[in-house]
There are 2 protein chains.
Amino acid sequence: MRASDKAYATLREDIIEWRLAPGTVLAEVEQSERLGVSRTPVREALSRLSAEGLTTAAGGRGVVVTDISLDDIDEMFELRETLEGKAAALAAERGERTVFEQLHAALLRAPELISESDPARHEYYALVGRLDEAIDSAISNSYLAQAMRSLRVHLVRVRRLAADDSQRLNAAALEHAAIAEAIASGNAKLAEAATTLHLHRSLSHVKATHSPH
Amino acid sequence: MRASDKAYATLREDIIEWRLAPGTVLAEVEQSERLGVSRTPVREALSRLSAEGLTTAAGGRGVVVTDISLDDIDEMFELRETLEGKAAALAAERGERTVFEQLHAALLRAPELISESDPARHEYYALVGRLDEAIDSAISNSYLAQAMRSLRVHLVRVRRLAADDSQRLNAAALEHAAIAEAIASGNAKLAEAATTLHLHRSLSHVKATHSPH
DNA sequence: GGCAAGATCTATGTATACACAGGCGGAGAA
DNA sequence: TTCTCCGCCTGTGTATACATAGATCTTGCC
């Protein structure tokens with residue numbers, strides 16, 4: 001693994017997991033010492049992070065970790081609804097039925113994954129990730145897929161901000177199952193509607209459980 | 001101006017204007033000599049271009065200029081319709097009426113700009129650019145605006161591919177005027193419809209006038 | 001004669017030295 | 001005592017030397 005990849009992965013993880021608080025200044029020398037690599041790969045990592053929007057270049061004084069405000073969350077979900085709604089509709093038109101039927105079945109069994117004593121809910125989020133990937137691949141549109149991927153980075157940060165109570169996760173799993181079912185049935189309108197519903201519930205939950213800064 | 005900015009701007013322009021053909025390998029040393037800067041700023045420039053999708057890292061063999069296929073154009077317009085349709089609707093709801101009334105009036109006078117003997121149609125494209133900026137600013141959604149900006153880079157490349165005949169430009173100006181008018185009237189549905197119409201016409205024109213590779 | 005393996009070469013990946021700019025602190029004068 | 005100016009110092013911006021990996025070409029063997 002290249003040193004710049006390692007630096008990028010570490011910093012990205014630290015930001016997403018909120019170990020690096022918004023506003024934190026990431027100086028090149030400081031980070032290069034912390035990560036045990038030289039300034040060059042750190043520079044590249046910081047440049048990639050800034051391109052993604054996780055950090056912002058603060059003219060002359062290094063880069064700082066980007067903040068997420070309540071308004072940002074509203075904006076993100078507004079874009080997310082647009083992109084994922086369209087994606088679900090396209091997936092219903094173009095996707096392979098069997099793939100989404102299997103995901104639907106797996107999502108109905110999701111409560112088993114959530115009730116287990118896995119605090120990070122790794123298996124559950126991996127399953128939801130598989131649904132995302134299946135949609136990405138079904139839509140046959142790399143530009144749309146790319147736009148959703150860029151947005152997801154920020155959404156993971158928001159997810160970490162919200163409470164992962166099992167009640168909400170069980171409900172969310174059912175909503176995801178509904179999306180998968182609608183796509184499997186080939187009904188574009190229904191898939192879009194199921195996505196809209198899920199996103200509105202998610203946003204409400206985030207805003208209800210957390211009162212950011 | 002920083003050397004890396006200069007390298008980035010030059011390479012970006014060369015790619016967009018098709019002076020660097022798709023598939024061209026951009027070696028770091030070669031470009032650093034051509035641009036008169038060292039490898040470090042060239043690396044940063046290439047990394048930024050790859051993040052935008054104008055170049056692709058070709059494992060071990062430098063970066064190559066990205067190609068645009070007919071399928072790519074379809075995909076780009078599919079995403080564009082989703083994003084700009086939503087943006088037009090939001091602008092109608094949230095924008096300031098007077099701004100778009102002025103743009104509407106200016107766009108109705110666009111034929112004057114096009115008939116002049118300006119082969120690059122600078123003034124016309126600047127006016128359309130002002131409409132884009134007005135929408136970006138009216139929607140009050142930086143994530144959506146960012147997604148549209150990333151896409152526009154690629155769209156400019158496509159525009160250069162298509163024939164800029166004045167007949168199409170005059171029609172496009174009227175379509176843009178209709179969008180501005182709909183936004184000014186505050187009618188979200190109408191603004192979205194006008195955008196959809198314009199994009200379909202644009203896509204048809206691109207596909208009709210050009211038979212890429 | 002063809003295929004495979006190794007050496008060489010060329011390109012990127014990394015480290016580091018140097019240049020330079022912007023900010024902060026201290027000192028001097030009003 | 002306060003304001004201003006100068007110098008230092010810390011940070012990024014750039015250049016370059018060195019490490020390393022992958023590809024290609026050559027040579028030897030089958």
Side-chain angles (χ1 to χ4, degrees), chain A residues 1-16 18-67 142 146 149-150 153, chain B residues 1-16 18-67 146 149 153:
Chain A
M1 192 189 218
R2 294 185 307 179
S4 61
D5 289 338
K6 177 190 162 194
Y8 169 74
T10 307
L11 285 169
R12 191 174 187 271
E13 180 112 346
D14 284 344
I15 293 173
I16 287 176
W18 295 87
R19 287 191 288 268
L20 287 171
T24 306
V25 176
L26 302 178
E28 292 176 6
V29 280
E30 171 199 4
Q31 294 303 316
S32 67
E33 284 167 10
R34 184 170 81 96
L35 302 172
V37 295
S38 87
R39 277 182 57 207
T40 309
V42 170
R43 276 183 76 80
E44 183 171 332
L46 292 176
S47 140
R48 277 206 264 172
L49 291 169
S50 295
E52 283 183 306
L54 288 176
T55 60
T56 312
R61 216 55 179 183
V63 305
V64 298
V65 179
T66 308
D67 197 6
S142 56
Q146 180 57 38
R149 265 194 293 275
S150 334
V153 182
Chain B
M1 192 188 220
R2 294 185 306 178
S4 61
D5 289 339
K6 178 191 162 192
Y8 169 73
T10 306
L11 285 169
R12 190 174 188 270
E13 181 111 346
D14 284 344
I15 293 172
I16 288 176
W18 296 86
R19 287 191 288 267
L20 288 171
T24 305
V25 176
L26 302 177
E28 292 177 5
V29 279
E30 170 199 5
Q31 293 304 316
S32 68
E33 284 166 10
R34 185 170 80 97
L35 301 172
V37 296
S38 87
R39 277 180 57 208
T40 310
V42 170
R43 278 183 74 80
E44 183 171 331
L46 291 177
S47 136
R48 276 206 264 173
L49 292 169
S50 295
E52 284 183 306
L54 288 177
T55 60
T56 312
R61 215 55 177 180
V63 305
V64 298
V65 178
T66 308
D67 196 7
Q146 180 56 37
R149 264 194 294 274
V153 181

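Every chain is numbered from 1 and lettered A, B, ... according to where its sequence line falls, protein lines coming before strand lines.
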Separation of D:dT12 C1' from A:Gln31 CD (nearest whole Å): 15 Å
Salt-bridge criterion met for B:Arg12 and B:Asp5 (N-O under 4.0 Å): no
Atom-pair distance (CD on B:Glu28; P on C:dT12), nearest Å: 4 Å
Below 4.0 Å: OP1/OP2 of D:dG13 and any side-chain N or O of B:Thr40: no
Whole-Å distance separating the CG atom of A:Leu46 from the P atom of D:dG11: 14 Å
Minimum-distance nucleotide (side-chain atoms of B:Ser38 versus D:dA15, D:dT12, C:dA11): D:dA15
Length of the CZ-P vector between B:Arg2 and C:dG22, whole Å: 12 Å
Distance in angstrom units between B:Arg39 CZ and D:dG13 C1', rounded: 16 Å
B:Glu44 CD - C:dT12 P separation (whole Å): 16 Å
Among D:dT12, D:dT14, C:dA15, the nucleotide that comes nearest once only the side chain of B:Ala3 is considered: D:dT14
Contact check, side chains of B:Leu26 and B:Leu20, non-hydrogen atoms, under 4.5 Å: yes
Spacing between B:Glu33 atom CD and D:dA15 atom P, to the nearest angstrom: 13 Å
B:Asp5 CG - D:dG13 C1' separation (whole Å): 11 Å
Between A:Ser50 and A:Thr55, a side-chain donor and acceptor under 3.5 Å: yes
Presence of B:Arg43 side-chain N/O under 4.0 Å of C:dT12 phosphate oxygens OP1/OP2: no
Check against side-chain contact (heavy atoms from CB on, under 4.5 Å), A:Leu11 and A:Arg34: CA-CA 11 Å; A:Leu11 285 169; A:Arg34 184 170 81 96; 3.7 Å; yes
